[in-house]
Amino acid sequence: MKLNINGEVKEVDDAYADGVLVWAIRDGLGMMGTRYGCGAGICGSCTVHVDGVATRSCVTPVAAVVDTEITTLEGLVAEDGSLHPVQQAFLDEQVPQCAWCMSGQMMTAAAFLEQNNTPTPDEIIDAMKNNYCRCGCYHRIKSAVAVAADTMATEKAGGIA
Ligand code: FES
Ligand code: FES
C-alpha cells in the first residue's frame with residue numbers, strides 16, 4: 001500500500017490498510033510526530049492534514065486517504081530545515097509542558113492560519129477550542145498562534161518576518 005505523506009510516496013505494510021491512519025503513520029512508518037491520545041476523535045492530539053484540512057488520524061480510515069496528500073508535523077518543516085512559523089512560535093513562546101498534545105495543536109493551528117493569517121483573538125480561540133491540553137497551556141497556545149499569524153502574514157506580504 002502506498003501513501004503520499006509529506007510530499008513523498010511511502011510504502012506502508014498492507015497490514016495497516018484496514019486500520020486508522022494514526023497507526024499507519026506511527027507504527028507502519030515509524031513517524032512519531034503524530035500523537036495518539038483519546039483514540040475517539042475528541043482530543044485532537046493525532047491531528048494531521050489531509051489535502052490541507054486538519055483531520056483526526058485516530059478515526060480516519062487508511063482506505064479513505066490513499067489518494068490524498070497527507071502532512072504530518074514532520075512535513076511542516078521546510079526543505080532547508082527551517083521550522084514552520086507555527087512550530088517556531090510554539091518554541092519561542094515556550095508553549096509545551098508535557099507536549100503530548102502539541103503536535104495536534106500545531107497541526108490545527110497551521111491549517112487554520114493557511115485560511116486566515118489575520119485572526120482575531122476570538123477566532124484563534126474558536127479555531128483551537130477542540131484541541132485539548134491536559135497541562136492547561138491554553139494561554140500560551142493562543143499567544144503562539146497569534147505570533148505565527150503575524151509571521152505568516154508578513155511572509156505572505158513579501159516582507160521579512
Ligand atoms: S487521539 Fe485522535 S482525537 Fe484524540
Ligand atoms: S502540554 Fe501536556 S497535554 Fe498539552
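Remember, it's a predicted structure, so these values are computed and weren't measured experimentally. We number each residue from 1, following the sequence as shown. We count ligands from 1, going down the list as the structure has it; atoms in each ligand are counted the same way. All values below come from the heavy atoms of this structure, side chains included, with hydrogens, waters and symmetry mates left out.
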For a side chain to side chain contact (heavy atoms under 4.5 Å, CB included) check, start with the C-alpha distance between V66 and L3, then their side-chain angles and the critical distance, and finish with the verdict. CA-CA 6 Å; V66 286; L3 291 177; 4.1 Å; yes
Decide yes or no on side chain to side chain contact (heavy atoms under 4.5 Å, CB included) for L76 and L83, but give the supporting numbers first. CA-CA 7 Å; L76 291 189; L83 296 178; over 6 Å; no
Applying side chain to side chain contact (heavy atoms under 4.5 Å, CB included) to Q87 and M102, what does each step give before you reach the verdict? CA-CA 10 Å; Q87 294 170 313; M102 287 296 154; over 6 Å; no
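For atom 4 (Fe) of ligand 1, the tally of protein N/O/S atoms lying closer than 2.8 Å stands at 2.
Counting all heavy atoms, side chain and backbone alike, G41 lies closest to C58 at N-SG, 3.3 Å. Here the closest non-hydrogen pair linking V145 and F90 is CG2-CE1, 4.2 Å.
At a cut-off of 2.8 Å, C137 does not coordinate atom 2 (Fe) of ligand 2 through any N, O or S atom. Coordination check, C135 versus atom 2 (Fe) of ligand 2: passed, since an N/O/S atom of the residue sits under 2.8 Å.
Nearest to atom 1 (S) of ligand 2 among the protein's heavy atoms is A99 N, 3.3 Å.
When side chains are defined from C-beta on, D18 does not count as touching V62, because their heavy atoms never get closer than 4.5 Å.
Residue M102 approaches ligand 2 through these ligand atoms, each under 4.0 Å from one of its heavy atoms: 1 (S). Short contacts between ligand 2 and C133, defined as distances under 4.0 Å to a heavy atom of the residue, involve ligand atoms 1 (S), 3 (S), 4 (Fe).
For Y132, there are no ring-ring contact (aromatic ring centres under 6.0 Å, His included) partners two or more places apart in sequence or in a different chain.
The hydrophobic clustering, which links ILVMFWY residues whose side-chain heavy atoms are closer than 4.5 Å, places L73 and I70 apart.
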